Every structure is written in structure tokens, then in C-alpha cells.
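Everything below concerns the one structure shown next.
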2 protein chains.
Amino acid sequence: MPRKLSALDPQRLDNQICFAVYSAAHAFNRVYKPLLDRLGLTYPQYLVMLVLWERDDVPVKDIGEKLFLDSGTLTPLLKRLEAAHLVKRTRSREDERQVLIALTPQGHALKDKARAVPQSILAASDCSVSELVAMKDEIVALRDRLNAVIGE
Amino acid sequence: MPRKLSALDPQRLDNQICFAVYSAAHAFNRVYKPLLDRLGLTYPQYLVMLVLWERDDVPVKDIGEKLFLDSGTLTPLLKRLEAAHLVKRTRSREDERQVLIALTPQGHALKDKARAVPQSILAASDCSVSELVAMKDEIVALRDRLNAVIGE
DNA sequence: GGACATTCAATTGCGAACAATTAAATGTGA
DNA sequence: TCACATTTAATTGTTCGCAATTGAATGTCC
């Protein structure tokens, strides 16, 4: 069994882009952890806050579409954010099926405290902004192609 | 506030490489799911099997180092693989602290059934092999730089 | 208007992921 | 040899992530 072939063996762990993505996601999470601990947020909670800092008072479904998460994940997460006094959940009056998520004053205020986070991540990446942007665009394009396949 | 600046705002969700990686990992997982369901495996279980198909009879720690996972994740996962008769867990006689993980005949046999998986993923990626390899190498390099920072 | 389907959030159950701790085995230095 | 640190898995508790189901509100079609 020639050694060279292993570099092409699609069944080898090191040749799989998916494992690269999977393990990179975990590495990011470990870098974010100490930064987000200071804000009292987990990474998925931070993502929800990023969405809300861009636009407030949106139904759960909108958050789910932006983050690719469903109510099974978001409902308990949002309840925890509410328990932390960062958001408020209220049934929409126009459509009683929807629950609207709004930031509290503390939720708004947290945006400033979170401003340093992206810079710290950039530093940890040890990479130029333009390189990161190029990688991000490639990964997003791949993600979108994968998501397109899921609906068959 | 000029609209153009949003493309540079590091606090915007769409500008974050980490979210790109995070959401791509989930997209991969959703593509893998129906393929792995046929094998009776989850994606992390599939990763463990990939490691074992390369080398058998290794301690839990070795698997953890390759996959960047700790015993808190692996111990219950390996017990599930053992319950599915794919691996066998035995205390090492040379070092009683270690638990060695070996494939059962069924575990070995599953490798053949899993051969089609990477091809299906490649097709779903809708992308050339060389492009995927280049992306994979970039992502691995980024992951390794991030992991280097974690030890401080 | 009324039967029917659809939409939205919540719930349940299971499998990761990880921090923190525990317990046992092994290694090290005096 | 004995005290002590280190290594290795296992355990506990919390939070994701998702499939599947439920129940209420809304839309649609006849």
C-alpha cells in the first residue's frame, strides 16, 4: 500500500474539508469563550445578540433564518437571555403566533462592551483582514451551496 | 450613518468569519445526516470511526487529540459505539489508566459501507476537488493558529 | 362561513461539547 | 520507600442542536 495515496484517500480524516470546518468551529469557540464569559454570554447567545443589535423587535423565526437555527434551539436560549434581563419576549398583537424579541436597556448597553470582541478574534486569527474576508466569502459560498442541496 | 460602512463593521454578523465557519459546520452536518443515518452513525461518531479505520486499538486520549475532543465527550460516545457493537473498550494491561478502543468485525466492515459518503459530500459541495483542498488547507491553518493562541 | 391546510413557537427526547471534579494508576524526587 | 505530582477516564451539570410532535393562530378554498 503506497504511502503517497493517503494524500488522496477521501476516507482519511485529514483530507476532509468537513472535519477542517468542524474543528475550526470548535477552535473559534474556545477562543471566544473567555471573551464572552466577561459579557455573560455563550457563543450562540452572542450570535443572537448580534442579530438583535442590527435589528430589534423581530419574531423568533427571523432570528432563526439568519442563524440557521430552529425554535427547538432558540426558545430555551431566548428564555435564558430573558432571565439575564437582556431581552424581552412578547406575543405579537397583529399575529398571535409570533413572539417578538426586543432588547432591554441592558441588552442595548451590552453592544458597547462587546465592541472589543471582534478585534481580539482578529488578533487570535493572526491573519490579515483581507485574507479573512476572502476566506469568509469562500466559506459562505460553500455553505450556501450545501444548504441549497438540503431542500433537494 | 452611511450604508457603505456596514460592509466594514466588524460587529455585523455577515462580516464575521466565525459565523461563516459555524454555519458551514451546521450545513455540512445537515448534508451528512441522511448519509450517516443509513450507517447508524452521528457525525461525531463517524469521525471516531474514521480515526479507528486508520489505526485501531488506540487509547481514548489519542482519539481525543486527533479530533480535539476530551473524555467528557468521548466516553459516552464510545459507550454508544460499544452498545452498537462497533467497538470494544478494554483497559490496557501495560497502563491500567488507559482504555483501548478496538474495532469489532462489524466496525471494520462498516468502512466499506461508508465508502460512498465522501463522494456524496463532494457532489453536494458543487465544487472542484482542487478548490476544496485549497480551502481545507486554509481552514486547517487558521484552526491551528487559533489553537496555538489558546495555550496563551 | 366552515373544513382544511399552513405557520409559528413550545415541548420532549437524545446526542454532542465542555468545564469542573473525582478516582485510580503511574511517575518522580527526596 | 514514601510523599507528591501527573496522567487518564469517568462523572456531573449546563448549554447547544435537531427531529418529531403538539397546540394555537392564521390563511385558503369551496
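Bear in mind that the values here come from a model prediction, so they are computed numbers and not experimental data. No hydrogens, no waters, no symmetry mates; every other heavy atom, side chains included, goes into these values. Reminder, nothing fancy here: chain letters follow the sequence lines and each chain counts from 1.
- Between A/Tyr43 and D/dT15 there is no side-chain polar atom (N or O) within less than 4.0 angstrom of OP1 or OP2.
- On a pure distance criterion of 3.5 Å, no polar donor-acceptor pair joins the side chain of B/Thr75 and the base of D/dA9.
- As rounded to whole Å, 14 Å separates atom P of C/dA16 from atom NZ of B/Lys79.
- Contact of B/Ser71 with D/dA10 (side chain to base): a donor-acceptor pair of N or O atoms is detected under 3.5 Å.
- A/Glu82 places a side-chain N or O within donor-acceptor distance of the main-chain N or O of A/Arg89, the cut-off being under 3.5 Å.
- Atoms CG and CE, from B/Leu81 and B/Met49 in turn, are 6.5 Å apart once rounded to the nearest 0.5 Å.
- Looking at heavy-atom distances under 4.0 Å, B/Pro76 makes no contact with the nucleic acid at all.
- Ion pairing between a basic and an acidic side chain is recognised when a charged N comes within 4.0 Å of a carboxylate O; B/Asp62 and B/Lys66 show no such pairing.
- At the phosphate of C/dA9, neither OP1 nor OP2 sits under 4.0 Å from any side-chain N or O atom of A/Arg89.
- Between B/Leu74 and A/Arg80, the one whose closest nucleotide on DNA chain D sits nearer the 5' end is B/Leu74.
- One finds no side-chain N or O of B/Thr42 lying less than 4.0 angstrom from the OP1 or OP2 phosphate oxygen of C/dG15.
- With hydrogens and angles ignored, the 3.5 Å screen pairs no side-chain donor or acceptor of A/Ser92 with any backbone N or O of A/Val99.
- Remark on DNA chain D: of its neighbouring residues A/Thr73 and A/Arg93, the 5'-side contact belongs to A/Thr73, judged by nearest-heavy-atom nucleotide.
- Side-chain atoms of A/Gln106 do not come within 3.5 Å of backbone N or O of A/Ala84 as any donor-acceptor pair.
- Contacts with DNA chain D (heavy atom under 4.0 Å) in residues 23-38 of chain B: B/His26, B/Arg30, listed by number.
- A donor-acceptor pair under 3.5 Å is formed between the side chain of A/Ser23 and the backbone N or O of A/Ala20.
- Dashed line: the shortest gap from a side-chain N or O of B/Lys61 to OP1 or OP2 of D/dA10 is not under 4.0 Å.
- Contact between the side-chain N/O atoms of A/Gln45 and the OP1/OP2 oxygens of D/dC16 is found at a separation under 4.0 Å.
- Using a 30° and 60° split on the angle between ring planes, B/Tyr46 and B/Tyr43 fall in the tilted class, from 30° to 60°.
- For the pair A/Glu96 CD and D/dT26 C1', the computed distance is 11 Å after rounding to whole Å.
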